[in-house]
Amino acid sequence: MPQFPSRRGLLFGTAAVSAGTLLVGCTSNDTGDKAAADKQPAADDKPGKEVTIGFAGPQADHGWLNAINDNAKSRAERYEDVTLEITEGSNDTAQQIGQIETLINKKVDVLVVLPADGKALTQVGLKAMRAGIPVVNLDRIFNSPQAYRCWIGGDNYGMGLNAGHYIGEKLKSKSDARVIELAGLDNLELTKQRTQGFDDALKNYPNIKKVARQAAEFTVESGQAKMAQLLQAQSKFDALWNHDDDQGVGALRAIEQAGRDDFLMVGGAGALSAFQAIEKDDGVLKATVLYPPTMAASAIDLARALGQSKGIGGLAEFEIPSSLTLYSAVVDKDNVDQYMSTGFK
């Protein structure tokens with residue numbers, strides 16, 4: 001993943017909103033490649049005030065980011081009262097700022113922004129808010145809460161925590177268990193958060209020791225290269241946590257080339273390829289921890305509600321919340337059918 005989130009609108013953590021509050025939970029068993037948001041009934045389908053939503057995100061150069069765009073588009077299409085103005089997206093902050101300013105000048109009703117760099121785009125978020133355009137800040141958070149009306153995103157610490165607990169439970173009866181970690185980009189705060197959650201979870205299992213950690217770059221190529229290094233350095237271990245399913249494709253190639261099958265692997269994010277491997281259950285990949293791109297569908301719902309001056313069905317308040325943190329569910333062979341339609345390519 002390129003500069004990834006400070007990291008479907010469908011399932012929420014207990015610290016935010018319960019499943020089904022904003023949208024209907026993802027329970028489809030359809031394995032097609034259409035966005036999960038297109039498979040689920042939208043919240044409050046009854047047409048209301050016409051709302052134009054401007055959507056600006058980074059360049060879709062990663063499976064997760066492409067799924068973000070797909071979910072936003074698909075969700076907007078469900079509403080006959082929503083017009084979606086979507087930018088090309090860019091990883092260049094100046095270019096993305098220009099794209100957002102164009103949307104501001106078009107006087108869209110609401111903005112949904114997944115910034116390439118939250119800090120760098122804070123000022124344009126403030127500009128929109130001061131112009132009377134409410135902003136839904138998606139995932140990578142702006143530096144100031146004044147730059148957005150609502151933030152919605154994933155739980156990076158929770159990803160690590162749940163991955164660690166899953167591995168811990170699998171290895172709790174094994175003495176002197178050894179685990180390794182294939183992280184993402186180490187210069188990103190999200191990577192640090194994921195590692196911290198993982199390490200905190202492992203503290204509950206005194207029989208488990210993390211013996212190696214290698215940072216990759218959220219790409220297939222880096223996953224393969226860094227995993228090969230880990231395998232060469234560690235002749236024996238019991239479990240691997242990989243932060244990202246895209247780089248996990250490369251990691252699995254390295255594992256296959258090395259002829260290793262003596263450990264279990266847990267992935268991260270929720271790619272379709274990971275779900276399919278988990279369902280097949282003939283390799284080391286046994287589970288993945290979600291970082292759901294369907295948060296973009298939820299962002300469209302929130303933007304529509306803002307544009308129509310509505311709250312969220314299932315909550316007593318007249319206004320939408322100021323923040324929503326999604327839950328990092330663990331998907332394994334016992335529940336993979338439930339989540340298959342949410343997998344991204």
Side-chain angles (χ1 to χ4, degrees), residues 155-186 188 190-218 222-271 273-275 277-291 327-336:
D155 184 356
N156 289 293
Y157 178 85
M159 283 185 76
L161 194 70
N162 288 348
H165 280 305
Y166 182 86
I167 288 172
E169 289 300 302
K170 293 296 183 182
L171 301 180
K172 64 182 179 181
S173 62
K174 183 178 180 60
S175 61
D176 300 321
R178 297 159 59 90
V179 302
I180 65 174
E181 180 182 6
L182 183 63
L185 284 162
D186 258 344
L188 300 182
L190 75 95
T191 300
K192 299 172 186 176
Q193 292 170 351
R194 293 179 186 186
T195 291
Q196 186 63 58
F198 188 60
D199 290 346
D200 285 352
L202 294 182
K203 291 175 183 177
N204 294 286
Y205 305 94
N207 63 307
I208 299 176
K209 181 180 180 181
K210 187 168 78 171
V211 296
R213 180 185 183 277
Q214 180 68 262
E217 299 173 4
F218 291 123
S222 69
Q224 184 170 355
K226 298 301 184 180
M227 190 68 228
Q229 293 176 18
L230 279 171
L231 291 168
Q232 187 172 13
Q234 301 296 324
S235 60
K236 181 174 175 55
F237 57 91
D238 302 291
L240 158 70
W241 182 43
N242 162 54
H243 285 206
D244 174 70
D245 287 333
D246 269 20
Q247 72 183 26
V249 172
L252 286 168
R253 287 177 186 169
I255 291 165
E256 183 177 1
Q257 289 172 0
R260 297 284 294 272
D261 62 0
D262 53 329
F263 58 90
L264 70 91
M265 174 179 172
V266 175
S273 61
F275 290 164
I278 291 165
E279 182 181 50
K280 198 173 181 181
D281 195 25
D282 62 354
V284 297
L285 184 60
K286 301 301 181 184
T288 191
V289 186
L290 297 186
Y291 201 86
Y327 183 65
S328 295
V330 176
V331 178
D332 63 9
K333 65 179 180 180
D334 292 333
N335 63 352
V336 68

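This is a predicted model, so every value here is computed, not measured. Residue indices begin at 1 and follow the sequence shown.
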Minimal non-hydrogen separation, [X] against [Y], with atom names:
{"X": "A201", "Y": "G160", "value": "CB-O, 4.5 Å"}
{"X": "A163", "Y": "V266", "value": "CB-CG1, 4.3 Å"}
{"X": "G248", "Y": "N242", "value": "CA-ND2, 3.2 Å"}
{"X": "I167", "Y": "A239", "value": "CG2-CB, 3.6 Å"}
{"X": "S222", "Y": "E217", "value": "OG-N, 2.9 Å"}
{"X": "F237", "Y": "M227", "value": "CZ-CE, 4.4 Å"}

Is there a donor-acceptor pair under 3.5 Å between the side chain of [X] and the backbone N or O of [Y]?
{"X": "N207", "Y": "S175", "value": "no"}
{"X": "S328", "Y": "G158", "value": "no"}
{"X": "D199", "Y": "Q196", "value": "no"}
{"X": "Q247", "Y": "A183", "value": "yes"}
{"X": "W241", "Y": "G267", "value": "yes"}
{"X": "K209", "Y": "P206", "value": "no"}

*Quick one: sort the Y205 and H165 rings into parallel, tilted or perpendicular, breaks at 30° and 60°.*
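Judged by the thresholds at 30° and 60°, the geometry between Y205 and H165 is perpendicular.
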
Spatial distance of atom [atom1] ([X]) from atom [atom2] ([Y]) [nearest 0.5 Å]:
{"X": "K210", "Y": "E181", "atom1": "NZ", "atom2": "CD", "answer": "4.0 Å"}
{"X": "Q193", "Y": "T195", "atom1": "CD", "atom2": "OG1", "answer": "10.0 Å"}
{"X": "L230", "Y": "I180", "atom1": "CG", "atom2": "CD1", "answer": "4.5 Å"}
{"X": "D238", "Y": "I208", "atom1": "CG", "atom2": "CD1", "answer": "8.5 Å"}
{"X": "Y157", "Y": "N162", "atom1": "OH", "atom2": "CG", "answer": "10.0 Å"}
{"X": "M159", "Y": "R194", "atom1": "CE", "atom2": "CZ", "answer": "4.0 Å"}

*After noting the C-alpha distance and the side-chain angles of D245 and T288, does the key distance pass the side-chain hydrogen bond (donor to acceptor under 3.5 Å, both in side chains) rule?*
CA-CA 8 Å; D245 287 333; T288 191; 3.0 Å; yes

*Are the charged groups of K172 and E169 less than 4.0 angstrom apart, N to O?*
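Yes, K172 and E169 are salt-bridged.
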
*Going by an N to O cut-off under 4.0 Å, is there a salt bridge joining R213 and D186?*
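Here R213 pairs with D186 in a salt bridge, since their nearest N and O are under 4.0 Å apart.
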
*Would M265 and L252 satisfy side-chain contact (heavy atoms from CB on, under 4.5 Å), going step by step from the backbone distance to the final call?*
CA-CA 9 Å; M265 174 179 172; L252 286 168; 3.6 Å; yes

*More than 12 heavy atoms from other groups under 6.0 Å of CD on E256*: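 Atom CD in E256 is not packed in, count stays at 12 or less.
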
*Can you establish whether the number of heavy atoms outside D262 located under 6.0 Å from its atom CG is more than 12?*
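Check passes, neighbour count above 12.
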
*Close side-chain approach of V284 and L240, heavy atoms under 4.5 Å*: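 Result no, sub-4.5 Å side-chain heavy-atom pair not found.
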
*side-chain contact (heavy atoms from CB on, under 4.5 Å) between L185 and H243: does it pass, once the steps are laid out?*
CA-CA 10 Å; L185 284 162; H243 285 206; over 6 Å; no

_The test is side-chain contact (heavy atoms from CB on, under 4.5 Å); show your working for K170 and K286 and say whether it passes._
CA-CA 11 Å; K170 293 296 183 182; K286 301 301 181 184; over 6 Å; no

Let me check something: any side-chain donor-acceptor pairs from residues 329-336 under 3.5 Å, sequence neighbours excluded? List them with distances.
{"unit_1": "D332", "atom_1": "OD1", "unit_2": "D334", "atom_2": "N", "d": "3.0"}
{"unit_1": "N335", "atom_1": "OD1", "unit_2": "D332", "atom_2": "N", "d": "2.8"}
{"unit_1": "N335", "atom_1": "ND2", "unit_2": "V330", "atom_2": "O", "d": "3.1"}

